[in-house]
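Notes for the one structure printed next.
The basis for the numbers below is simple: all heavy atoms, side chains too, and nothing from hydrogens, waters or symmetry mates. Treat the numbers as computed from the prediction; the structure is a model and nothing was measured.
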Amino acid sequence: MLVSQYELLINKSQFPKPGDLNFPTPLPPEEQEELEAALGALSREVIQGYFLTISNLSNKEVSLVISFRVVTNDNESSFDGSTVAAVFDVNGINQTIDLITSNPQTRNYVISLPAKDTGLFIVQPNPGFIIDADKEIEIRGYVDVSVLLNDGGEEIDLLLTPEHRGTFYKRTDSGLDQLDQIVYSLPTANGGSLFKLK
């Protein structure tokens with residue numbers, strides 16, 4: 001069942017680079033320099049991940065497949081186990097979740113959530129790439145959730161709350177400065193948090 005869209009980012013500039021701006025009329029050289037200086041002073045880079053809070057409202061443990069559909073074609077090959085990290089946190093225990101690839105456009109993860117419990121599933125670009133300014137990742141698409149096994153066949157009720165969380169930073173001679181954070185909820189495909197899966 002479709003949940004939401006997602007966007008994974010690392011080392012991406014907050015603003016477009018001046019050379020990427022396509023003005024109908026080219027700026028005079030002095031104005032171009034002023035624009036580049038102003039954007040350089042304002043802009044920071046960002047790492048952004050996808051966070052999905054999942055509550056299992058049923059009376060039994062449920063195994064779920066969380067599928068990330070990749071629609072940013074240039075980055076299909078960038079969404080793998082070395083560039084993207086996934087963690088599932090239940091009861092304060094962070095578990096690294098291995099990536100299972102079913103086809104070039106889909107990245108699947110399998111998690112299990114106990115009855116009446118809540119977990120947090122996180123997918124983000126490998127934070128280690130933050131030290132390499134030339135390593136940029138920008139991957140977009142949408143997320144599906146389905147039940148892996150359902151022996152009884154009854155409907156499984158889940159509460160799903162997706163959001164993006166990001167950290168802005170500026171590279172300076174002293175390291176990474178001007179840190180700031182952003183968190184925003186993503187709209188769900190059904191307009192609410194309750195999902196009923198077969």
Report the hydrophobic cluster partners of Ile93, with the cluster defined as I, L, V, M, F, W, Y residues connected by side-chain heavy atoms closer than 4.5 angstrom, directly or transitively. none
Sequence-distant partners of Asp157, side-chain hydrogen bond (donor to acceptor under 3.5 Å, both in side chains), two or more places apart: Lys196
Sequence neighbours left out, what passes side chain to side chain contact (heavy atoms under 4.5 Å, CB included) with Thr161? Give chain and number order. Thr53, Ser193
Close side-chain approach of Leu158 and Asn56, heavy atoms under 4.5 Å: yes
Could you state the interatomic distance from CZ (Arg69) to CZ (Arg107), rounded to the nearest 0.5 Å? 11.0 Å
Interatomic spacing from CG in Asn59 to CD1 in Ile156 - rounded to 0.5 Å: 9.5 Å
Could you grab the distance from atom OH of Tyr50 to atom CD of Gln124, nearest 0.5 Å is fine? 14.0 Å
Residue list, ring pair (Phe, Tyr, Trp, His ring centres under 6.0 Å) with Tyr6, at least two apart or on another chain: Phe68
In terms of hydrophobic clustering (I, L, V, M, F, W, Y; side-chain heavy atoms under 4.5 Å; direct or indirect links), are Leu186 and Leu8 co-clustered? yes
Any side-chain heavy atom of Lys12 sitting closer than 4.5 Å to one from Glu45? no
Just jot down the side-chain hydrogen bond (donor to acceptor under 3.5 Å, both in side chains) partners of Thr188, sequence neighbours excluded, or say none. Asn190
Phe129 CZ: over 12 foreign heavy atoms closer than 6.0 Å: yes
Would you kindly confirm whether Leu197 and Ile54 end up in one hydrophobic cluster when ILVMFWY residues are joined by side chain heavy atoms under 4.5 Å apart? yes
Under the criterion side chain to side chain contact (heavy atoms under 4.5 Å, CB included), which of Ile137, Asn126, Val84 is the partner of Ile10? Ile137
Tell me whether Phe51 is reachable from Leu113 by hopping between hydrophobic residues (I, L, V, M, F, W, Y) whose side-chain heavy atoms are closer than 4.5 Å. no
Could you check whether any side-chain heavy atom of Pro162 comes within less than 4.5 Å of a side-chain heavy atom of Val143, counting everything from C-beta outward? no
Val87: what forms a side chain to side chain contact (heavy atoms under 4.5 Å, CB included) with it, not counting sequence neighbours? Asn94
Is there a continuous path of hydrophobic side-chain contacts, each under 4.5 Å between heavy atoms, that joins Tyr169 to Ile182? yes
Clusters formed by hydrophobic residues whose side-chain heavy atoms approach within less than 4.5 Å: which one holds Leu57, and what are its other members? Leu159, Leu194
Sorted by chain and residue number, the side-chain hydrogen bond (donor to acceptor under 3.5 Å, both in side chains) partners of Gln48 (sequence neighbours excluded) come out as Glu7, Tyr184
Can you list the residues that meet the side chain to side chain contact (heavy atoms under 4.5 Å, CB included) rule with Ala86, with sequence neighbours excluded? Ile97, Tyr109, Phe121, Val123
Which residues pass the ring pair (Phe, Tyr, Trp, His ring centres under 6.0 Å) test with Phe88, sequence neighbours left out? none
May I ask you to test the Val110-Ile100 pair for a side-chain heavy-atom distance under 4.5 Å? yes
What's the spacing between Glu163 CD and Ile122 CD1 if we round to 0.5 Å? 9.5 Å
When rounded to the nearest 0.5 Å, the distance separating OG1 of Thr167 from CZ of Arg44 is 10.5 Å
Applying salt bridge (Lys or Arg N to Asp or Glu O under 4.0 Å), name anything that partners Glu61, two or more places apart in sequence or on another chain. none
Return the set of residues passing side-chain hydrogen bond (donor to acceptor under 3.5 Å, both in side chains) with Thr118 (not counting sequence neighbours), or none when no residue passes. Ser55
